[in-house]
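Below is one structure, written out as C-alpha cells; comments come after it.
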Amino acid sequence: GAVVSQHPSRVICKSGTSVKIECRSLDFQATTMFWYRQFPKKSLMLMATSNEGSKATYEQGVEKDKFLINHASLTLSTLTVTSAHPEDSSFYICSASLARTPYEQYFGPGTRLTVT
Amino acid sequence: GNSVTQMEGPVTLSEEAFLTINCTYTATGYPSLFWYVQYPGEGLQLLLKATKADDKGSNKGFEATYRKETTSFHLEKGSVQVSDSAVYFCALRGRTDKLIFGTGTRLQVFP
C-alpha cells in the first residue's frame, strides 16, 4: 500500500515551453503532497507543500509563478514548470502523506526534466 | 538552520561485508531522524527511524542509533546483500515538520 506514481518519468522540452508533471497517490487519499527538487550529488530540496483544495505553500527562493502547483483532488497534484529554461533541468520528486500519519511521507519515483 | 551531512559514495562492498554509512546532523531541539532507501527506478522508501536520543531504529537487518552526544545517526548492517544496492538518504525532521535530507550515498554490493 501507499504507492505514489509520477508521470512522466522523463521529459525533454525546449526552452520557453511549459511542462506538467503529475503526482498520484494510487491506493490512498493524500491530504498533503510535497514537491522536491534534486540536483546532481545534492540533497532533495523541498520546493512546496500543497494541501487539497488550497494554495500551495512555497519555500523561500522558489518562484511560485514559475512552478505552478495544483492539488485538485486527494489523489492528484501537478507541478507545471512554466517557460522552462535549461537551468530548470533537474530531478523532481513528489511525496504524499495521509491525514492519520501526517509525518510519514510516501515518495514517487521522480521525473527527470531536461530543457534544451 | 537544520542540516544533514552524510558520507559521499559510492560505497562498494562485497556480499556479506559489514556496512556503515555515516550521518551527522545539525539541529535545534530534538529532531526525529530517518534513513530512506531508493532502489533503482523507484521512489524513496522509509527504511528506519528514531524519534528520541538513544533510540535504535531497525529494519531488514539495518540499524541506526540516535546519538545526541555526537549528533549522529550512522546506518549499519552486518552482512550486506546484492539486493541492498541502492541510494541511502539520511534525513531529519525538526520543529517545522519538514524533512531535511542529506545528499544520499550510493551503495554497490558485488557478489
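What you see is a predicted model, and the numbers here were worked out from it, not measured in a lab. Letters A, B, ... are given to chains in the order of the sequence lines, protein chains preceding strands, and every chain is numbered from 1. Hydrogens, waters and symmetry mates are skipped; everything else that's a heavy atom, side chains included, is used.
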| field | Pair Ser90(A)-Arg37(A), side-chain donor/acceptor within less than 3.5 Å | value | yes

| note | When the 4.5 angstrom heavy-atom criterion is applied to Leu44(A) and chain B, the contacting part is both

| field | Most contacts with chain A, counted as non-hydrogen pairs under 4.5 angstrom, among Glu42(B), Arg93(B), Arg106(B) | value | Arg93(B)

| query | Is there a donor-acceptor pair under 3.5 Å between the side chain of Gln38(A) and the backbone N or O of Ser43(A)? | reply | no

| So which part of Tyr39(B) gets closer than 4.5 Å to some heavy atom of chain A, the side chain, the backbone, both or neither? | neither

| task | Inspect the surroundings of CD in Glu59(A) and state if more than 12 heavy atoms from other residues, nucleotides or ligands are less than 6.0 Å away. | result | yes

| Side chains of Ser77(A) and His71(A): is there a donor and an acceptor less than 3.5 Å apart? | no

| request: Pick one of side chain, backbone, both or neither for Tyr36(A), based on which atoms fall under 4.5 Å of a heavy atom in chain B. | output: side chain

| query | Of the backbone (N, CA, C, O) and the side chain (C-beta and beyond), which part of Gln38(B) lies under 4.5 Å from a heavy atom of chain A, both, or neither? | reply | side chain

| query | Given that the side chain runs from C-beta out, which part of Gln6(A) has a heavy atom under 4.5 Å from chain B: side chain, backbone, both or neither? | reply | neither

| said: For the interface with chain A, which of Val4(B), Leu99(B), Ile100(B) has the highest count of heavy-atom pairs at distances below 4.5 Å? | reply: Leu99(B)

| So Asp55(B) and Lys49(B), salt bridge (Lys or Arg N to Asp or Glu O under 4.0 Å) or not? Walk me through it. | CA-CA 9 Å; Asp55(B) 268 3; Lys49(B) 66 180 179 183; over 6 Å; no

| said: Run Glu22(A) and Arg24(A) through salt bridge (Lys or Arg N to Asp or Glu O under 4.0 Å) and show every step you take. | reply: CA-CA 7 Å; Glu22(A) 292 186 349; Arg24(A) 292 182 184 271; 3.4 Å; yes

| query | Which atoms of Leu44(B) come close to chain A, meaning under 4.5 Å heavy atom to heavy atom: side chain ones, backbone ones, both, or neither? | reply | both

